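Report on one structure; see the data block that follows.
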Protein chains: 2
Amino acid sequence: MHDVAALARVSVKTVSNYFNGYPYMRAETRARIERAVDELGYRLNVTARSLRRGSTGMISLIVPELDQAYFAELAQEVIDVAATFGLTVLVETTSGDRDRELEALSGLHRQLIDGAIFDPLALGPSDAPQLGGGLPLVILGERQFEGLADHVLIADEEVAHRAVSHLVEIGRRRILLLGAGSPGTHTAILRRRGSEAALAEAGLPVDGDLVVSTDGWTRDAGAAATARALDDGRRFDAVFGFNDALALGAQWVLLERGLAVPGDVAVIGVDDTRDARFAHPTLTTMSPGRAQIARRAVELLVSRIREPETENGFASVTADFELIVRDSTVAPGTLNSTP
Amino acid sequence: MHDVAALARVSVKTVSNYFNGYPYMRAETRARIERAVDELGYRLNVTARSLRRGSTGMISLIVPELDQAYFAELAQEVIDVAATFGLTVLVETTSGDRDRELEALSGLHRQLIDGAIFDPLALGPSDAPQLGGGLPLVILGERQFEGLADHVLIADEEVAHRAVSHLVEIGRRRILLLGAGSPGTHTAILRRRGSEAALAEAGLPVDGDLVVSTDGWTRDAGAAATARALDDGRRFDAVFGFNDALALGAQWVLLERGLAVPGDVAVIGVDDTRDARFAHPTLTTMSPGRAQIARRAVELLVSRIREPETENGFASVTADFELIVRDSTVAPGTLNSTP
DNA sequence: CTCCTTGGTTACATCGTTGTAGTGAAAGTA
DNA sequence: TACTTTCACTACAACGATGTAACCAAGGAG
């Protein structure tokens with residue numbers, strides 16, 4: 001920067017001003033600096049700027065795992081949106097592990113970032129005190145840390161309600177709630193509550209045998225739990241997978257056992273991942289509006305970073321969702337199967 | 001750091017030495033510093049260290065897209081391995097776009113990183129001059145920049161050869177090479193060459209009708225191209241998808257059209273993504289040894305960063321691969337279908 | 001008994017920016 | 001005319017670490 005200043009015959013500070021869009025500058029000065037920058041191929045040193053400013057222009061996105069399609073797709077969206085704000089995204093994965101979630105919030109990378117977008121799996125409201133101490137934070141998924149961070153919410157109860165209602169509308173009575181039992185995850189509790197509300201409204205009983213827990217929310221887990229349910233002789237005419245991975249795992253097992261989807265059993269998921277569109281049959285799912293979630297999360301985080309203490313003015317926005325009907329609940333050319 | 005030094009009654013430099021494992025220090029001094037650090041809850045400022053040292057401790061992983069399972073899984077591995085070296089990974093996606101690949105190498109993030117692991121899609125040998133000018137670089141996939149960067153290679157020809165040989169061994173004669181035609185990608189050319197070599201060795205003709213190009217290497221593209229091939233009335237008894245996504249797309253279309261897999265058509269892919277294990281039927285695939293690739297890539301990059309100019313001593317390592325036979329080529333309980 | 005080495009520590013300058021305070025000049029106000 | 005305001009720019013000191021050179025002790029070589 002000194003060299004540029006020398007070549008343009010101005011002070012270093014003026015060059016700095018040039019890069020920071022300082023308005024009061026003669027056009028001629030600006031032009032001289034521009035020429036000098038070009039000639040020397042100079043680039044502003046981000047590290048020095050970070051040191052001086054005390055902020056890095058980086059944010060973390062903290063998610064359980066990238067090899068789950070939902071998170072990979074979310075990460076992509078967040079990276080793109082952040083770029084429009086001049087922010088760089090550091091993707092952290094935790095495997096849903098408590099220690100790794102805490103580490104991501106307060107560990108080594110803590111001082112590398114200006115804020116974080118966090119999709120907690122293991123951490124809950126009781127961990128509030130350990131929440132990154134003053135780190136600007138946007139929580140994804142559920143209102144867990146009321147009054148401590150901004151939230152971008154998925155309307156879990158409503159999403160589940162809509163999914164189950166759809167199954168009821170096409171005439172299903174015995175719905176396997178896949179993922180409902182996994183204790184410790186708040187999302188599971190809310191989606192279960194929404195599901196049961198929908199059943200109740202339809203005048204259907206909640207059968208405890210059909211509330212199934214899984215070991216994680218992966219295809220493997222969905223497949224295994226569904227296989228177990230079938231082996232136990234539980235009978236059902238629909239599966240509500242609490243995410244697409246679970247639903248796809250279930251569908252795989254159903255087909256494997258010679259059951260027809262949706263003929264014998266209808267299947268619905270949540271997330272609208274790319275995989276859902278390419279399953280066989282294609283998977284009906286609840287789309288959570290991923291692009292919207294990413295955009296709102298980054299926007300909230302940016303304004304929190306800019307104004308750290310808008311005293312307790314923590315915001316919550318809820319993303320829109322949408323039912324996307326595909327072949328796993330209503331086969332093409334099939335009459336609506338409502339009696 | 002000044003505060004720590006004051007509390008421990010030593011100089012700042014001694015505290016710095018403590019953090020950098022400087023060996024000549026009295027145990028008693030070390031203990032005093034340790035106590036002071038604990039008491040003040042002090043953490044070394046990474047930004048200042050980066051400024052002073054001229055290196056950031058971050059590396060880029062530059063891949064086409066995260067929502068392709070192969071890259072998501074690779075990213076996860078690279079992040080984990082890098083962490084064992086104390087390195088932070090910045091994941092960049094390019095959509096296989098030329099400009100974005102160049103931007104990732106020499107753009108804004110250039111000075112944020114000490115090196116990059118790069119899986120090029122659009123860039124080829126002719127772009128060598130624009131290659132990040134002195135940025136330590138490890139290229140993934142193919143030997144494209146001989147003498148300019150280290151490489152971790154996938155034995156594309158051998159992998160393809162083995163895949164096609166497997167299909168031939170189970171008695172297939174007319175094999176659709178899915179992804180072969182996409183011009184511009186070197187991987188495609190090598191895999192095609194390996195495939196054709198295997199056919200030639202088996203005394204089988206190469207039918208141009210069965211060399212099919214796709215619009216990208218996604219499920220969508222695989223499905224579309226396969227559908228087109230069927231519509232054109234081309235006949236084949238096996239599909240070699242140049243990656244798992246293509247193969248799964250193909251398999252989906254085949255089942256959709258009422259063909260049996262592997263009864264009528266066997267399907268094989270490359271990558272051994274998680275999806276391959278959960279396809280219906282499960283997908284036979286060539287495993288490229290992802291963990292090994294990640295480890296070697298990070299190791300090469302680290303040594304390149306430590307010794308920037310081991311004059312032209314650029315290394316190439318080739319990862320091991322393995323054929324993983326699943327139900328899409330040999331149905332369980334089926335006799336080996338070789339005549 | 002001096003001269004050199006090795007161990008343990010320190011003072012200081014420096015990495016490349018940007019905030020603060022301040023300097024002239026030109027323009028607007030009383 | 002004198003006085004404030006706005007404009008365009010500058011000098012200097014930080015931000016928090018680390019490399020360099022140098023220092024003082026203690027022990028070994030000559």
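The sequence lines fix the lettering, A, B, ..., with proteins before strands; numbering per chain opens at 1. These numbers were taken from a predicted model, which means no experiment stands behind them. Quick note: numbers below take in every heavy atom, side chains included, and nothing from hydrogens, waters or symmetry partners.
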Measuring to OP1 and OP2 of [N], would you say a side-chain N or O of [X] lies under 4.0 angstrom away?
X: B:Thr14; N: C:dT9; result: no
X: B:Arg49; N: D:dT18; result: yes
X: B:Arg52; N: D:dG19; result: no
X: B:Asn20; N: D:dT18; result: yes
X: A:Ser11; N: D:dC9; result: no

Which nucleotide sits closest to the side chain of [X]: [options]?
X: A:Met1; options: C:dG16, C:dT17, D:dA8; value: C:dT17
X: B:Asn45; options: D:dA8, D:dA17, C:dG16; value: D:dA17
X: A:Ala48; options: D:dG16, C:dT17, D:dC9; value: C:dT17
X: B:Thr29; options: C:dG19, C:dG8, C:dT10; value: C:dG8

Donor-acceptor contact present, side-chain B:Ser316 to main-chain B:His151, <3.5 Å: no
Does CZ belonging to A:Arg296 count more than 12 external heavy atoms closer than 6.0 Å? no
Could you verify whether a donor N or O on one side chain and an acceptor N or O on the other, from A:Ser11 and A:Thr14, lie under 3.5 Å apart?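 Checked: A:Ser11/A:Thr14 side chains pair up, N/O donor to acceptor below 3.5 Å.
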Regarding A:His109 and B:Thr88, do their side chains bring together a donor and an acceptor under 3.5 Å, going by distance alone?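 A:His109 vs B:Thr88: donor-acceptor pair found between side chains.
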Nearest-Å distance, [atom1] ([X]) to [atom2] ([N])?
X: A:His2; N: D:dA11; atom1: NE2; atom2: C1'; value: 11 Å
X: A:Tyr24; N: C:dG24; atom1: OH; atom2: P; value: 21 Å
X: A:Leu44; N: C:dT18; atom1: CG; atom2: C1'; value: 10 Å
X: B:Tyr22; N: C:dG7; atom1: OH; atom2: P; value: 9 Å
X: A:Arg32; N: D:dA8; atom1: CZ; atom2: C1'; value: 12 Å
X: B:Lys13; N: D:dC23; atom1: NZ; atom2: C1'; value: 15 Å
X: A:Tyr18; N: D:dT10; atom1: OH; atom2: P; value: 16 Å
X: B:Arg9; N: C:dT9; atom1: CZ; atom2: P; value: 13 Å

When the rotation axes relating C1' atoms of four end pairs to the next four are compared across the helix from C:dC1-D:dG30 to C:dA30-D:dT1, five pairs an end, they differ to 10° by 50°
Qualifying residue, where the test is side-chain contact (heavy atoms from CB on, under 4.5 Å) with A:Pro136 and the options are A:Leu300, A:Val302, A:Ile305: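 Result: among A:Leu300, A:Val302, A:Ile305, A:Ile305 is the only option passing the side-chain contact (heavy atoms from CB on, under 4.5 Å) with A:Pro136.
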With side chains defined as the heavy atoms from C-beta onward, is the minimum distance between B:Asp119 and B:Phe71 less than 4.5 Å? yes
Could you tell me whether the side chain of A:Leu123 reaches within less than 4.5 Å of the side chain of A:Leu102, counting heavy atoms only? yes
Indicate, with a heavy-atom threshold strictly under 4.0 Å, whether A:Arg30 touches base, sugar-phosphate, or nothing. nothing
Need one value for B:Val46: base, sugar-phosphate or nothing, where a base atom within 4.0 Å counts as base even if backbone is also close, heavy atoms only. nothing
Upstream residue (5' side of DNA chain C) when B:Arg53 and A:Val15 are each assigned their closest nucleotide: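 Between the two, 5'-proximity favours B:Arg53.
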Between B:Arg26 and A:Tyr42, who's closer to the 5' end of DNA chain C by nearest nucleotide? B:Arg26
Checking A:Arg32 against A:Glu28 for the salt bridge (Lys or Arg N to Asp or Glu O under 4.0 Å) test, could you report, in this order, the C-alpha distance in whole Å, the side-chain angles of both residues, the deciding distance, and whether it holds? CA-CA 6 Å; A:Arg32 274 218 314 282; A:Glu28 193 248 343; 3.1 Å; yes
